[in-house]
Amino acid sequence: MNLFEHFRERVIEALERMTEAGDLPAGAETSRIVVEPPREATHGDVTTNAAMVLAKPAGLKPRDLAEKLAARLAAFDEVAAAEIAGPGFINLRLSDAFWRARLAEILRAGPAYGGSTVGGGQAVNVEYVSANPTGPLHVGHARGAVVGDALAALLEKAGFAVTREYYINDAGAQVEALAWSAYYRYLQALGAEIDEATFAKLCPGGELQYRGEYLIPLGKALVEAYGDTLADRDDVHAEWTVKSVDAWLPTVRQFATDRMMDLVREDLAALGVKHAVFTSERALVARGGVEEVLAFLADRQLTYTGILEPPKGKLPDDWEARPQLLFRATSFGDDVDRPLKKSDGSWTYFATDVANHLDKYRRGFASMINVWGADHGGYVKRMQAAVKAITEGRGSLDVKLCQMVNLMDGGQAVKMSKRAGTFVTLRDVVEEVGKDVVRFIMLTRKNDAQLDFDLKKVTEQSRDNPVFYVQYAHARVRSVMRKAAEIFALDELTPDALTAGSLECLTDPEELALIRAMAGWPRIVESAAEAHEPHRIAYYLYDLAAQFHTLWNKGNDDASLRFLIPEERAVTLARLAMIQGVAFVIASGLDVFGVTPVEEMR
RNA sequence: GUCCCCGUAGCUCAGUAGGAUAGAGCAACGGAUUCCUAAUCCGUAGGUCGUGAGUUCGAAUCUCGCCGGGGACGCCA
């Protein structure tokens, strides 16, 4: 239960009765009424601006209106006191019984606590990672992978029907270059005497683009699968050539992209990321998806052939004005109309991506979210314009741009050189610090803010390492529960038994404050989900852990506040219920992040 | 030149469908350990929320201008 939503309904209910009683004109606009936690805890548990918002249209003074509304709110059982403050805020203090009931609710729900139905089962498509299938994922990809995955889980928890999708960019020049690079390794595996420089001259653009060693096994695998049947050898001159490109390239390209996607999937699996749907750009193009979407746009006069102004700022050397097929993006809020076809006649990436989004929309996703690297920022407007066009205003696209990750090691920037032995791949980082650490740290910043990822600091056991700090709180609870098992029978310690116990023993203000913090979790889930901001959960968990650690240490100063007091069984069981609640809420939050709560810290 | 993001304590950052006296960690300083893990906790100090206007009962939050940092700007994805 989102208690603020609960009290918002209570406020509306009270306002209706005031209208019936003639204290408020009928038809008051209630949409701007907000019920939320006060900024200052000393102001109470719940606050509302209702009186201030309604005063003007009702022709009343805010404080007069507040007096009457507060009196009605005070009559509800859950409300211990209703006070008026400042320009007309109404602050509610809730009864201790209400808070204990929240704890009981948490224990009943377990780690599922905080789940919501605000999403109403609405289908949402979250597309993330979508890296070119040309090699292993690097650290930069990890952030998008984690943000997308956590956002998907968050939306699920808030009641949306989420599909995790990966759009495979397997149709462009990049995979062409991959095929050439793979072919070089294939020839090597066959024992061909051809050096890199010689082969590079044969490649389009005269460059061998992917030179990483990860393609060596791929070359060998090609030999295993095809023998020398793909090889192109001029027997007369006994030289390797690339004359019959059309014969081998499609095969090698397919083979290579399949292998690279396997690699990507393995990398993602190491990070605990799993997509439900993989969409191939190549397949989309092959089945005429682009022609289809262009026809759709053409029918609505949204494409035309025109000449673009040269780009301002840095002008490409080879720029020349020429007519091209354009999408009328300016009709949907973009700054210029956008090209759909390249000069060689093939589709631009944008064109195929428009087709991709139409495909998603037709599969039932009016709500789409893409997670991109910040360097794709320039594409946001045009893609949103395209989504407006192809869904005729019925679909929405939110793009989460992930800023750079600065990989550090003990305060020193790790050089991102592909050749230097420094770990730059996603896999290396996961193996170095563990997937849980990577996942949590990637979510400790807003997606559009840069993030320092220090391999030393993230494994440090101190308060300034949020992963540790939150995990430590959970581990402490588990430690106490293990101790408790020496005093109590196991069936006294189940969540059900704890709920049925003497929760009324929880009377200390600090204890009730901790329960308040836990009870705030459902609101965090809903607001973070609506804002598409999973990082808020990291901050919430950190705060909850801090409150728990604080209370723990109160027991150092004042023995009567310890959780385990063997001679006071009722109090102890109530406190065990409380800390079990903390563990459940932390587990619930970590579950959204895909992080496993730990039983103990080594 | 146009567009997007950012600017909050010495440092790293929270805080936006507008709310009350702007928060946390680190660093600094002062404390707490016969105890369920002191890997923690308590306290002190630290601010023109880049800047100038506007909108209104009320602005870190919304609008506009300016300053500073980053990014993007046809035939890359």
Side-chain angles (χ1 to χ4, degrees), chain A residues 31-32 34 36 38-40 42-43 47 49 52 55-56 62 85-89 91 130-132 134 167 169 171-175 281 307-316 318-322 324 326 334-339 341-346 348-350 352-353 372-381 401 403-404 444-446 448-452 457 460-466 468-469 472-473 475-477 479-484 527 530-531 535-536 538-539 542-543 546 549-557 559 562-566 572 575 579 600-602:
Chain A
S31 63
R32 288 182 58 222
V34 172
E36 60 188 357
R39 185 159 289 189
E40 290 271 333
T42 55
H43 292 147
T47 188
N49 63 354
M52 290 181 289
K56 204 175 204 177
F89 290 101
N91 296 326
S130 298
N132 293 335
T134 53
Y167 179 58
N169 302 135
Q174 303 301 320
V175 288
E281 180 187 8
I307 299 173
L308 284 178
E309 294 285 306
K312 300 291 199 302
K314 61 159 191 185
L315 188 64
D318 57 348
W319 195 90
E320 55 182 283
R322 67 176 184 83
Q324 56 188 160
L326 300 170
D334 201 357
D335 310 310
V336 289
D337 293 335
R338 301 294 182 176
K341 242 183 197 180
K342 302 183 202 168
S343 54
D344 66 0
S346 64
T348 59
Y349 176 77
F350 175 60
T352 57
D353 211 13
W372 289 348
D375 54 335
H376 290 53
Y379 270 76
V380 174
K381 272 193 175 182
L401 294 178
Q403 266 294 352
M404 287 212 337
T444 53
R445 289 280 178 274
K446 286 184 291 211
D448 53 5
Q450 287 195 19
L451 170 71
D452 288 343
K457 282 188 183 159
E460 215 166 72
Q461 300 195 327
S462 71
R463 180 167 186 162
D464 59 328
N465 177 1
F468 164 77
Y469 192 68
Y472 186 40
R476 273 185 153 173
V477 172
S479 166
V480 174
M481 295 309 281
R482 284 192 293 273
K483 290 269 185 197
S527 59
E530 279 171 21
H535 76 275
R536 294 189 191 188
Y539 286 90
Y542 187 87
D543 289 342
H549 288 307
T550 296
L551 192 50
W552 172 293
N553 266 67
K554 282 271 152 84
N556 289 332
D557 300 333
R562 290 182 199 167
F563 305 142
L564 279 181
I565 306 177
T572 298
R575 289 178 181 167
I579 64 170
E600 57 183 341
M601 310 301 296
R602 293 169 286 104

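What you are looking at is a predicted structure, and each value in this text was computed from that prediction instead of being measured. Every chain is numbered from 1 and lettered A, B, ... according to where its sequence line falls, protein lines coming before strand lines.
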Query raised in the report: If the P atom of B:U56 is compared with that of B:G10, how far apart are they to the nearest Å?
Result: 34 Å
Query raised in the report: Using the P atom in both, what is the distance from B:C36 to B:G47, to the nearest Å?
Result: 42 Å
Report yes if a side-chain nitrogen or oxygen of [X] is closer than 4.0 Å to either non-bridging phosphate oxygen (OP1 or OP2) of [N]; otherwise report no.
X: A:H549; N: B:A24; result: no
X: A:K446; N: B:A14; result: yes
X: A:S479; N: B:U37; result: yes
X: A:T550; N: B:C42; result: yes
X: A:R476; N: B:A38; result: yes

Query - Residue pair A:R575 / A:I565, side-chain heavy-atom distance below 4.5 Å - result: yes
Query raised in the report: Would a 4.5 Å heavy-atom cut-off, applied to side chains only, mark A:I579 and A:W552 as touching?
Result: no
Report task. Using the six-membered ring for Trp and the full ring for Phe, Tyr or His, decide whether A:H43 stacks on the six-membered base ring of B:A20 (centres under 5.5 Å, planes under 30°). Result -> yes
Query raised in the report: Using centres under 5.5 Å plus planes under 30 degrees as the test, is A:F89 stacked with B:A20?
Result: yes
**Report entry** Secondary-structure stems, RNA chain B, at least 3 Watson-Crick or G-U base pairs under 3.5 Å
**Finding:** B:1-7 with B:67-73, B:10-13 with B:23-26, B:28-32 with B:40-44, B:50-54 with B:62-66
Requested in this report: Side chain of A:R445 only, please: which of B:G74, B:U12, B:U37 is the nearest?
Outcome: B:U12
Query raised in the report: Choosing from B:A20, B:G19, B:U37, which nucleotide comes nearest the side chain of A:P38?
Result: B:A20
Report task. Mind checking ring-ring contact (aromatic ring centres under 6.0 Å, His included) for A:Y472 and listing every partner two or more places apart, or none if nothing turns up? Result -> A:F468, A:H549
Query raised in the report: Would you say the base of B:A20 and the side-chain of A:N49 have a donor-acceptor pair closer than 3.5 Å?
Result: no
Report task. Spell out yes or no: do the side chain of A:D335 and the base of B:U2 have one donor N/O and one acceptor N/O closer than 3.5 Å? Result -> no
Query raised in the report: Excluding sequence neighbours, so at least two apart, what forms side chain to side chain donor-acceptor pair (under 3.5 Å) with A:K381?
Result: A:D335
